[in-house]
Amino acid sequence: MTNQGGYPPRVPPRGPRQHQPAQMMPLPGRDGAYRQPPPRRPGPPPTRAMPSRGDVPPPPPPVARRPRRRRFGPGKVLLTLLSVFVLFLAGVWVYLEFSINRIAALEDYEGRPAAGAGTNWLIVGSDSREGLTAEDEQRLVTGDVAAAGGGQRTDTMMIAHLPDNDTKPTLVSLPRDSQVAIPGHGTSKINAAFSIGGAPLLVKTVEQATGLRIDHYAEIGFGGFANIVDAIGGVHMCVDKEMHDTVTGITIPAGCGDLDGAQALGFVRMRHSEATPRSDLDRVENQRKFIGALVSEISSPGTLLNPFDVFPLLSAAPDALTIDEGDHLHNLVGLAWAMRGISSDGVLSTTVPVTSASAERWDKTKSKQLFDALRNDTVVPESAIMT
């Protein structure tokens, strides 16, 4: 193929292929002819409207969660009850420790017996009427102090020996009419030492007469004794024969029953009765029996778990008891724990061997055997045991 001059058509040189816009197909019109569509006018690129800070909706409020209820299981309930019980015991312990009366009963002096085996308590029941009204004295039949010679006296004196080994604890009664040497005051009845010099002179007299070193001291008066008995609702006792004191007029019927405070005081003091032909010897035997029943009653679950007994007892005990200034509540607990076996033959109960029913003279040989056994924590010989 040639152009007008006879030359072949000029072919442009090859170069990089240039992009040619695509030819759009004409659109048919109403008349059937195809027409070129109008070119699109370029416009600004679409812009995305950004919301202003004030247009942003606030986040939804957090959903409030219901607090989880703590469920107290049996373990937590028991632990709570145990904690309350422990706190209660601690409070009671502190209250008693700082509420019990104390005196300086134990004193060091030249010639005092050396400490032996075990622990020795001197337990005293005094005729102290402190805190008693005239009505109380009449109800308890305490008697006239002036008629008794005045001063403070003791109706009960006992040595409680707590051994360090497996021998039985021992409770020894010291008859009040026993004639002994009172340091600095010659020879007289042992209860006169208390009237002359109170607890310190009585302790010194007992130590010199027995050769035993007294480690602890406990004293209870008339009113305190009766209050403790009444606080626990009485003490159950079995009386073989009716007891009628011709001096005080107190009568305790035969049979088993609960003795209240006034009856209990009459029982442990009675010696002018057909039921006590040996006078003071029968009286001290009855005293040991009653102490055994009293300790058993106090330490029983029926008393300790009964708030109607425990709270009156805790209220009465501090005013009823007097101990040495060096003694503490745990010492008293140890004494009560050791003495709980009196009524069940777990404690040896005896009186200092005497030579006659008047109980004025001690049997030197037998009493020495008794005190030597206590000093050395050995078994008391049968010959030295007197009921």
Trainee: If you look at every heavy atom in Leu281 and Ala359, which pair is closest and at what distance?
Mentor: CD2-CB, 3.9 Å

Trainee: Hey, are the side chains of Trp93 and Phe98 touching, using non-hydrogen atoms and a 4.5 Å cut-off?
Mentor: no

Trainee: Regarding Lys168 and Asp345, does a basic nitrogen lie under 4.0 Å from an acidic carboxylate oxygen?
Mentor: yes

Trainee: Output yes when a side-chain donor or acceptor of Asn331 lies under 3.5 Å from a complementary backbone atom of His328, and no otherwise.
Mentor: yes

Trainee: Do Ser178 and Glu360 come within less than 4.5 Å of each other through their side chains, counting heavy atoms only?
Mentor: no

Trainee: Is there a donor-acceptor pair under 3.5 Å between the side chain of Asp155 and the backbone N or O of Gly125?
Mentor: no

Trainee: Does a side-chain heavy-atom distance below 4.5 Å link Leu265 with Phe225?
Mentor: yes

Trainee: A side-chain contact here means heavy atoms from C-beta on lying under 4.5 Å apart; do Leu212 and Pro113 qualify?
Mentor: no

Trainee: Taking Leu304's backbone N and O only, do any of them form a donor-acceptor pair with Asp309's side chain (distance below 3.5 Å, no angle check)?
Mentor: no

Trainee: Going from CG on Asp177 to CD1 on Ile190, what distance comes out if it is rounded to the nearest 0.5 angstrom?
Mentor: 10.5 Å

Trainee: Side chains of Thr355 and Trp362 only: does a donor on one sit below 3.5 Å from an acceptor on the other?
Mentor: no

Trainee: Is there a side-chain contact (heavy atoms from CB on, under 4.5 Å) between Phe290 and Phe267 once you walk through the steps?
Mentor: CA-CA 8 Å; Phe290 187 84; Phe267 178 80; 4.1 Å; yes

Trainee: Hey, is Asp108 close enough to Arg213 for a salt bridge, meaning N to O under 4.0 Å?
Mentor: yes

Trainee: Where do Arg283 and Arg176 come nearest, in terms of heavy atoms and distance?
Mentor: NH2-CD, 2.6 Å

Trainee: Going hydrophobic residue to hydrophobic residue with side-chain gaps under 4.5 angstrom, can you get from Leu162 over to Leu348?
Mentor: no

Trainee: Under 4.5 Å between side-chain heavy atoms, counting indirect links through other Ile/Leu/Val/Met/Phe/Trp/Tyr residues: same cluster for Phe371 and Trp121 or not?
Mentor: no

Trainee: Would you indicate whether the side-chain heavy atoms of Pro318 and Leu96 approach each other to under 4.5 Å?
Mentor: yes

Trainee: Go through the steps for Ile103 and Asp324 under the test side-chain contact (heavy atoms from CB on, under 4.5 Å), then give the verdict.
Mentor: CA-CA 5 Å; Ile103 59 172; Asp324 180 68; 5.7 Å; no

Trainee: Using a strict 4.0 Å threshold on nitrogen-to-oxygen distance, state whether Glu207 and Arg112 make a salt bridge.
Mentor: yes

Trainee: Quick check: is Leu329 connected to Leu106 through a chain of hydrophobic side chains (ILVMFWY, heavy atoms under 4.5 Å apart)?
Mentor: no

Trainee: When rounded to the nearest 0.5 angstrom, what is the spacing between CG in Leu313 and CG in Asn306?
Mentor: 11.0 Å

Trainee: Please state whether the rings of Phe311 and Phe88 are parallel, tilted or perpendicular, taking 30° and 60° as the class boundaries.
Mentor: perpendicular

Trainee: Tell me the closest heavy-atom pair linking Ala373 and Pro381, and the distance in Å.
Mentor: CB-CD, 4.3 Å

Trainee: Just checking, any donor-acceptor pair under 3.5 angstrom between side chains of Ser173 and Arg288?
Mentor: yes

Trainee: In Å, rounded to the nearest 0.5 Å, how long is the span from CG of Leu374 to OG1 of Thr119?
Mentor: 12.0 Å

Trainee: Give a yes or no on whether Asn165 atom CG has more than 12 heavy-atom contacts from other residues, nucleotides or ligands under 6.0 Å away.
Mentor: yes

Trainee: Side chains of Glu97 and Tyr95: donor-acceptor distance under 3.5 Å anywhere?
Mentor: no

Trainee: Using the rule that Ile, Leu, Val, Met, Phe, Trp and Tyr join whenever any side-chain heavy atoms are under 4.5 Å apart, tell me whether Val229 and Ile250 fall into a single cluster.
Mentor: yes

Trainee: Walk me through it: do Val235 and Asp258 pass the test side-chain contact (heavy atoms from CB on, under 4.5 Å)?
Mentor: CA-CA 5 Å; Val235 175; Asp258 293 339; over 6 Å; no

Trainee: Pair Ile252, Leu259 - check side-chain contact (heavy atoms from CB on, under 4.5 Å), show working.
Mentor: CA-CA 9 Å; Ile252 300 175; Leu259 301 183; 4.1 Å; yes

Trainee: Please check if Val172 and Val206 belong to a single hydrophobic cluster, counting links between Ile, Leu, Val, Met, Phe, Trp and Tyr side chain heavy atoms closer than 4.5 Å.
Mentor: yes

Trainee: Does this structure show an ion pair linking Arg102 with Asp327, if we count only N-O contacts that are shorter than 4.0 Å?
Mentor: no

Trainee: Looking at Met386, is its backbone amide N or carbonyl O close enough to the side chain of Thr350 to form a donor-acceptor pair, meaning the two atoms are under 3.5 Å apart?
Mentor: yes

Trainee: Got a second to check how far Ile298's CD1 is from Ile228's CD1, nearest 0.5 Å?
Mentor: 6.0 Å

Trainee: Kindly give the heavy-atom pair with the smallest separation between Glu242 and Ala254, and that separation in Å.
Mentor: N-CB, 3.6 Å

Trainee: Return yes if some donor-acceptor pair links the side-chain N/O of Asp377 with the main-chain N/O of Asp164 below 3.5 Å, else return no.
Mentor: yes

Trainee: Looking at every heavy atom in both Pro353 and Leu370, which two are closest together, and how far apart are they?
Mentor: CD-CD2, 3.9 Å

Trainee: Testing the 3.5 Å rule here: is there a donor-acceptor pair between the side chains of Glu285 and Thr351?
Mentor: no

Trainee: Contact between His216 and Ile323 at the side-chain level, heavy atoms closer than 4.5 Å - yes or no?
Mentor: no

Trainee: Evaluate the criterion side chain to side chain donor-acceptor pair (under 3.5 Å) for residue pair Tyr109 and Glu107; output intermediate values, then yes/no.
Mentor: CA-CA 6 Å; Tyr109 57 87; Glu107 298 178 350; over 6 Å; no

Trainee: For residues Gln287 and Thr156, is any side-chain donor paired with an opposing acceptor at under 3.5 Å?
Mentor: yes

Trainee: Side chains of Asn376 and Thr378: any donor to acceptor distance under 3.5 Å?
Mentor: no

Trainee: Less than 4.5 Å apart, any side-chain heavy atom of His161 and any of Pro169?
Mentor: no

Trainee: Is His272 close to His244 at the side-chain level, that is, under 4.5 Å between some pair of heavy atoms?
Mentor: no

Trainee: Would a distance-only check, ignoring hydrogens and angles, find a side-chain to backbone donor-acceptor pair under 3.5 Å from Thr303 to Ser299?
Mentor: no

Trainee: Whether the Arg271 and Thr276 side chains hold a donor-acceptor pair (N or O, under 3.5 Å, no angle test) is what I'd like checked.
Mentor: no

